[in-house]
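First comes the structure, then the notes that go with it.
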Number of protein chains: 2
Amino acid sequence: MLAKAKRDRAAEQRAAVRAEIVEAAWELARERGLPGVTVRDVAERIGMRAPSLYTHFSSKMAIIDAMFGQAWIDYLEVIRVVDQDLPAHPRAALATVARTFFDFAAEDLVRYQLMNQRTLPGFTPSAESYAPAVEVLARLDDTLRGLGITDGETRDIFTSTLGGLVDQQLANDPTGDRWRRLIDRVIDMYADHLGLQGPPLWEQS
Amino acid sequence: MLAKAKRDRAAEQRAAVRAEIVEAAWELARERGLPGVTVRDVAERIGMRAPSLYTHFSSKMAIIDAMFGQAWIDYLEVIRVVDQDLPAHPRAALATVARTFFDFAAEDLVRYQLMNQRTLPGFTPSAESYAPAVEVLARLDDTLRGLGITDGETRDIFTSTLGGLVDQQLANDPTGDRWRRLIDRVIDMYADHLGLQGPPLWEQS
DNA sequence: GTCTATACACCGATAGAC
DNA sequence: GTCTATCGGTGTATAGAC
């Protein structure tokens, strides 16, 4: 029993150090982009030397992989909360889903690149890190099914249209809201295309 | 006169070498991604040593900048041809514009990343290299205006929706056509939203 | 587990001979 | 204009002392 408790404390300590490493890696990524994350600098930021990190991660890619997984887990937590009280109005529900995704993405360009774009040549997420991404998509499917959207192509149009707004925002106006302001119009356009009932979110002049 | 002719030949030679360098850089980028483009390897590919490249480009970034400019010039040439006989039917014209962009983008993932995404930390195109991109957007404005689309937001919806299809295609199904097949549906959705007349491109079952 | 020291490969860029 | 040689730096990763 004593031994058990001791092992648990050690495991907790190791997990804490791992989290500290990943957090430092995120800081560097935000400041200098994903390629700016180097083992040396991550170690320095938490008062370690580079070789010490290899006690906790087998390689730099393992650190990136942990960042990828954590980002999707963070988003999963966000939508778990949001999904609990989506508006009853279908268009408003779609707009809420869209705005939640948009804001999470726009909040952190580097995180979005890591999560959704193939920006790191050679990086492929591990099955473990990919799992929360799969769950996010499954939940989105559930939500859309609740609104009567069951067709795969129709779902693809939703995700790609939304992704397009995010991409343009991040690429061309990273600190503004030029494309965010279009969310309601785009949701109406999509809802009209589906024949979703209810008043439009956006009033054309 | 003789001196003039001699200078011209020298200038042509220099331009040819520059083009050769840029072409070799593209080959490397396609094979190994944009970060895989190194001055050494570009030089080796054309039978030179790395320092010799600095006779033709002041830095590696200058090479990337030339690649950026050339990519947009290439696309400009494509749409100059396509614009000459766009279909009379407005929806068909939109679909042609969309398919032209989509296919050019999907043809070369790395080129698309360089042209349209902020994937290289620290790279900002020079004014000269950016000029053809501006002209492409101006021509798109002309085309859309010809279809009665004059509002900036409405234009932004077109470009972002189209970009979204491309991004999803490249990120999730780079060799397939899962999102390309949605172009007609998406164009109809957009045209319906605008109140564009004419029969739909895509027949819902 | 963390450290120092270091290996090894690679990078962009420059100096100076030819 | 191209070369050889090299600088000063980067990177990931390992060996071995403590």
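Hydrogens, waters and symmetry mates are skipped; everything else that's a heavy atom, side chains included, is used. Numbered from 1 within each chain, the chains take letters A, B, ... in sequence-line order.
- Using a 4.0 Å cut-off on heavy atoms, the residues of residues 59-68 of chain A that approach DNA chain D are A:Ser59, A:Lys60, listed by number.
- Contacts between residues 12-29 of chain B and DNA chain C, defined by a heavy-atom separation under 4.0 Å, are absent.
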For residues 67-89 of chain A, which side-chain donor-acceptor pairs fall under 3.5 Å, sequence neighbours excluded?
from: A:Gln70; atom 1: OE1; to: A:Trp26; atom 2: NE1; distance (Å): 3.2
from: A:Arg80; atom 1: NH2; to: A:Glu135; atom 2: OE2; distance (Å): 3.0
from: A:Asp83; atom 1: OD2; to: A:Arg139; atom 2: NE; distance (Å): 3.4

Under 3.5 Å, which protein N or O atoms sit close to an N or O of nucleotides 5-10 of chain C? Give each pair with its distance.
none

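- Closest approach of A:Tyr130 to A:Pro125, counting heavy atoms only: CD1-CG, 3.9 Å.
- Remark: C1' of C:dT14 and CG of B:Leu53 are 14 Å apart, rounded to the nearest angstrom.
- In this structure, the CZ atom of B:Arg9 is 16 Å from the C1' atom of D:dG1, given to the nearest Å.
- In this structure, a donor-acceptor pair under 3.5 Å is absent between the side chains of A:Thr55 and A:Arg14.
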Could you pull out all donor-acceptor pairs under 3.5 Å where a side-chain atom in residues 94-101 of chain A meets a protein atom, sequence neighbours excluded?
from: A:Thr96; atom 1: OG1; to: A:Ala92; atom 2: O; distance (Å): 2.9
from: A:Arg99; atom 1: NH2; to: A:Asp184; atom 2: OD1; distance (Å): 3.2
from: A:Thr100; atom 1: OG1; to: A:Thr96; atom 2: O; distance (Å): 2.7

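- Using modelled atom types, one finds no donor on one side chain facing an acceptor on the other under 3.5 Å when comparing B:Asp173 with B:Gln168.
- There is a side-chain donor-acceptor pair under 3.5 Å between A:Thr119 and B:Thr119.
- The residue A:Gly47 sits close only to the backbone: its heavy atoms come under 4.0 Å of sugar-phosphate atoms, none of a base.
- Distance CD1 (A:Ile46) to P (C:dG1): 13 Å, rounded to an integer number of Å.
- Going from atom CD1 of B:Ile63 over to atom CG of B:Leu53 covers 5.5 Å, rounded to the nearest 0.5 Å.
- One atom, CE of A:Met48, and another, C1' of D:dA13, lie 17 Å apart when rounded to the nearest Å.
- Two residues, A:Ser52 and B:Tyr54, neighbour DNA chain C, and the one matched to the more 5' nucleotide by heavy-atom proximity is A:Ser52.
- A search for salt bridge (Lys or Arg N to Asp or Glu O under 4.0 Å) contacts involving B:Asp103 returns B:Arg180, not counting sequence neighbours.
- Between A:Phe123 atom CZ and D:dT12 atom P there is a gap of 15 Å when expressed in whole angstrom units.
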